Colleague: 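This is the structure, below, for whatever I ask next.
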Amino acid sequence: MLASARPVIPHMGKGAGVTEDYEQNRAVDLEIVSASWRSLNEAPSFDRLLASWDRKLAAAEERSANPLDDALFAQLTGISERLDDHLELRTQDEFAEAVGVSTAPAMVLSPEGRVVTFNQAAHTFFGIEQGAMVGRAWLREDSRADFEAVFRAGAGRGNADYAIVRILGPEGRESLAEVAALHSRSRNRIYTVVRSLELDWSVDVGQSLAKAFGLTAAEVDICRLVFRHSDLDRVASARNTQRETIRTQLKRIFAKTETRSQPELMRLLGLLCSRAESLRERSALGWSDPLGNETILRRSDGRRMAYTWTGAEEGEPVLFLHGELPYFVQHEHIRQRIAETGLKLICMSTPGHGHSDPPDGRDQLDDGCDAVIALCDHLGLRGIPALASYSGQLYLTRTAARRPDLFRSLLCIGLPWNMPQGRWRKLTLNQRTFARIARLSPAVFELVCRIGFRLMQREGPDFYLQRSFGEAEIDRRIVMDPEFQPLLRIACRHLTSQGHSAFMREQLMVGTNDPTTWLSQVQVPLHWVIPAEAENVDAEDCAAARASSPRATLEVVEGAGELFPYQRPGFFLRLLEDLAAQDVAEIWQRRGRA
């Protein structure tokens, strides 16, 4: 569960009372409440939650109305309280519960063959959509009869309630799945659950079987083989023994585990594997420096402050302040090329990220700036080049305005979504909705973040990556690319290692601080690099950025999204070299005019 004090959602009232507009928008309120509850257990509902909030806030803006009233306030408070109870929340929807017990692909089909619900993994594996009719192409030919025997029960034409089948995933990948009849209590009909058994067998599962049921090492190994192959002849062959010997041993396993058949044992083993995988994902959200160079310092108040480095160990220092993701998590050959430039990229974990302790009640921006100054003082850094990405640039530029002696040139990747005012309206749906909720109410925003983090604990880092970077095609390709997925998952853990609060605080920091109030005080060259395909940049944005500081220049980079250091690593390396050049102001002036 999320470790956080309950957000106190402000009572904002109805204002003018119950009006026709109020009644017209009640349907959207109900969508928000329903999607919030369902999001506690299923990822697709979180997407519906954000879409509902987007419609709600857009309608309220048109009417200049207050989007939070008594009824919505009460419902959201109830959800917040349930999160605080640290209970294992379960949806009242038995279908969502059926797919939620597994992190492997799982779906529920109606008696007519339509998709009733599914988990995130099933969307990719089966290529399905909510409400769509499901064919049989995902079943291996020799398994279709077994599937149909269970499926016919939903139409009252059979009584089979369980089968193990072979299914075909993307690129023809084959795996085992269980097919089970689900007798719906609320609808008085029989539905069909399909759950992949494509789960890793880990040491943890074997240890659980031995500890909980007293299974011997041989019996644990038989369970592993039964789970992997299902077919007893293959299990016997792997054990170099006879089929009857395996059957005898299985009977002892049934007795110890209090199961009555092989299908019941398979269900138990599938649940244990699913839980083990879920626990691995949760622990995987913790951060471990992939560079192996992390140092943890103590600030004057005793809090931890972490930094790492990449490039040339004795090279010229360049300070890097990350946004939501630390772009210093790169392939080894890119890190080697950074070293060849003679630069040492010093990568600080800002407060609340990685192993740096959070602000502990202080203002996020002020605390981050103090941390930057403390790190520079500790390392003796003065007059160095520095760069930052997205929200990290608020720390960098604010510190540069306060301490002109620390930096000689500043490079910023991307623009904050609040410069100029109203720029957040141009963002993609997910980014726009997060920005608007953050502006509406920090407490409501925290609730949404807590729900999202709960889902990420279940689904893993890809849940966040697909929603943060999946709306722009150029970034979506990187998120789905097997070459970059491991790097991005590691980078994501830097954000989530301390729960939902780092993401929440960064969004609130950007939403409540206007960088134009201090950018005019920056006395060193400042250059913005704007990825053209992620920013929805227009002339107004560029003009506002250039006008923010007398030393500011700007260039728009074509063929690049928010993840452009992974898309165009050569260009990223050239930016670092230019940043450290003595004539960087002239270089940036030329590039800004190009």
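Quantities reported herein were computed from a predicted structural model and do not represent experimental measurements.
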Colleague: Tell me the salt bridge (charged side-chain N to carboxylate O under 4.0 Å, His left out) pairs involving residues 563-581, sequence neighbours left out?
Modeller: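 Listed by first then second residue: D578-R591.
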Colleague: Is any side-chain heavy atom of F320 less than 4.5 Å from a side-chain heavy atom of S389?
Modeller: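 Heavy-atom side-chain distance check passes, below 4.5 Å.
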Colleague: Does the side chain of S349 pick up a donor-acceptor pair with the side chain of H494 at under 3.5 Å?
Modeller: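 Indeed, the side chains of S349 and H494 share at least one donor-acceptor pair under 3.5 Å.
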Colleague: Give a yes or no on whether the backbone of S45 and the side-chain of S39 come within a donor-acceptor separation of less than 3.5 Å.
Modeller: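 Present.
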Colleague: Do T428 and N430 have side-chain atoms, one donor and one acceptor, less than 3.5 Å apart?
Modeller: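 N430 and T428 do not have a side-chain donor-acceptor pair below 3.5 Å.
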Colleague: Under 4.5 Å between any side-chain heavy atoms of L57 and I437, yes or no?
Modeller: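 SC-SC contact between L57 and I437 confirmed.
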Colleague: Run the ring pair (Phe, Tyr, Trp, His ring centres under 6.0 Å) test against F503 and tell me which residues pass, sequence neighbours left out.
Modeller: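 Testing F503 for ring pair (Phe, Tyr, Trp, His ring centres under 6.0 Å), a comparison that skips the adjacent residues, returns F434.
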Colleague: Relative to the ring of Y566, is the ring of F484 parallel (under 30°), tilted (30 to 60°) or perpendicular (over 60°)?
Modeller: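 Perpendicular, since the angle between the ring planes exceeds 60°.
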Colleague: Do side-chain atoms of E562 reach the backbone of F469 as a donor and acceptor pair under 3.5 angstrom?
Modeller: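 Judged by distance alone, no pair lies under 3.5 Å.
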Colleague: Which value, rounded to the nearest 0.5 Å, describes the distance between Q485 atom CD and C492 atom SG?
Modeller: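 Taking CD in Q485 and SG in C492, the distance rounds to 12.5 Å.
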Colleague: Salt bridge (Lys or Arg N to Asp or Glu O under 4.0 Å) with D370: which of R403, R362, R299, R398?
Modeller: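 That would be R362; it is the only one of R403, R362, R299, R398 passing the salt bridge (Lys or Arg N to Asp or Glu O under 4.0 Å) with D370.
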Colleague: Going by heavy atoms in the side chains, are H353 and E506 under 4.5 Å from each other?
Modeller: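 When only atoms from C-beta onward are counted, E506 and H353 do touch, with a gap below 4.5 Å.
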Colleague: Mind checking whether M348 and V372 have side chains closer than 4.5 Å, heavy atoms only?
Modeller: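 In contact.
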Colleague: Quick check for you: to the nearest 0.5 Å, what is the distance between T350 atom OG1 and L396 atom CG?
Modeller: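 If we round to the nearest 0.5 Å, T350:OG1 and L396:CG are 12.0 Å apart.
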Colleague: Can you check whether R402 reaches W518 side chain to side chain, under 4.5 Å on heavy atoms?
Modeller: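 The answer is no, as the side chains (C-beta and beyond) never meet within the 4.5 Å cut-off.
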Colleague: Any ion pair linking R382 and D377 (charged N to carboxylate O, less than 4.0 Å)?
Modeller: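 Looking at R382 together with D377, the answer is yes, because their closest N to O distance falls below 4.0 Å.
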Colleague: Rounded to the nearest 0.5 Å, what's the gap from OH on Y395 to CD1 on I373? Could you check?
Modeller: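 If I round to the nearest 0.5 Å, the distance is 13.5 Å.
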Colleague: Are the side chains of Y327 and L563 in contact, using a 4.5 Å heavy-atom criterion?
Modeller: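 A side-chain contact under 4.5 Å exists here.
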Colleague: Which is it for W287 and L495 under the side-chain contact (heavy atoms from CB on, under 4.5 Å) test, yes or no, and what are the steps along the way?
Modeller: CA-CA 8 Å; W287 166 252; L495 170 68; over 6 Å; no
Colleague: How would you list all residue pairs meeting salt bridge (charged side-chain N to carboxylate O under 4.0 Å, His left out) that involve residues 48-59, not counting sequence neighbours?
Modeller: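 Non-adjacent pairs meeting salt bridge (charged side-chain N to carboxylate O under 4.0 Å, His left out): D29-K56, E31-R55, E42-R48, D54-R432, D54-R436.
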Colleague: State which residues pass side-chain hydrogen bond (donor to acceptor under 3.5 Å, both in side chains) with Q330; sequence neighbours excluded, sorted by chain then number.
Modeller: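 side-chain hydrogen bond (donor to acceptor under 3.5 Å, both in side chains) check on Q330 returns nothing, list empty.
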Colleague: Would K426 and D541 pass as an ion pair if we require N to O under 4.0 Å?
Modeller: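 D541 and K426: salt-bridged.
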Colleague: Just distance, no hydrogens or angles: give the donor-acceptor pairs under 3.5 Å from side chains in residues 312-319, sequence neighbours left out.
Modeller:
| residue | atom | partner | partner atom | Å |
| --- | --- | --- | --- | --- |
| E316 | OE2 | R408 | NH1 | 3.2 |
| E316 | OE2 | R408 | NH2 | 2.7 |

Colleague: Are any of the side-chain heavy atoms of M509 and R505 separated by less than 4.5 Å?
Modeller: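 They are not in side-chain contact.
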Colleague: Not counting sequence neighbours, list each pair that qualifies as a salt bridge (charged side-chain N to carboxylate O under 4.0 Å, His left out) and has a residue in residues 342-353.
Modeller: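 Of all non-adjacent pairs touching residues 342-353, none passes salt bridge (charged side-chain N to carboxylate O under 4.0 Å, His left out).
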Colleague: Report yes if the side chains of W588 and L411 come closer than 4.5 Å at any heavy-atom pair, otherwise no.
Modeller: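 The answer is yes; the side chains approach within 4.5 Å.
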Colleague: Centroid-to-centroid, H322 to Y390, below 6.0 Å?
Modeller: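 No: the rings miss the under 6.0 Å criterion.
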Colleague: Go through the side-chain N and O atoms of D357 and Q498 and say whether any donor and acceptor fall under 3.5 Å apart.
Modeller: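 Per modelled atom types, D357 and Q498 side chains form no pair under 3.5 Å.
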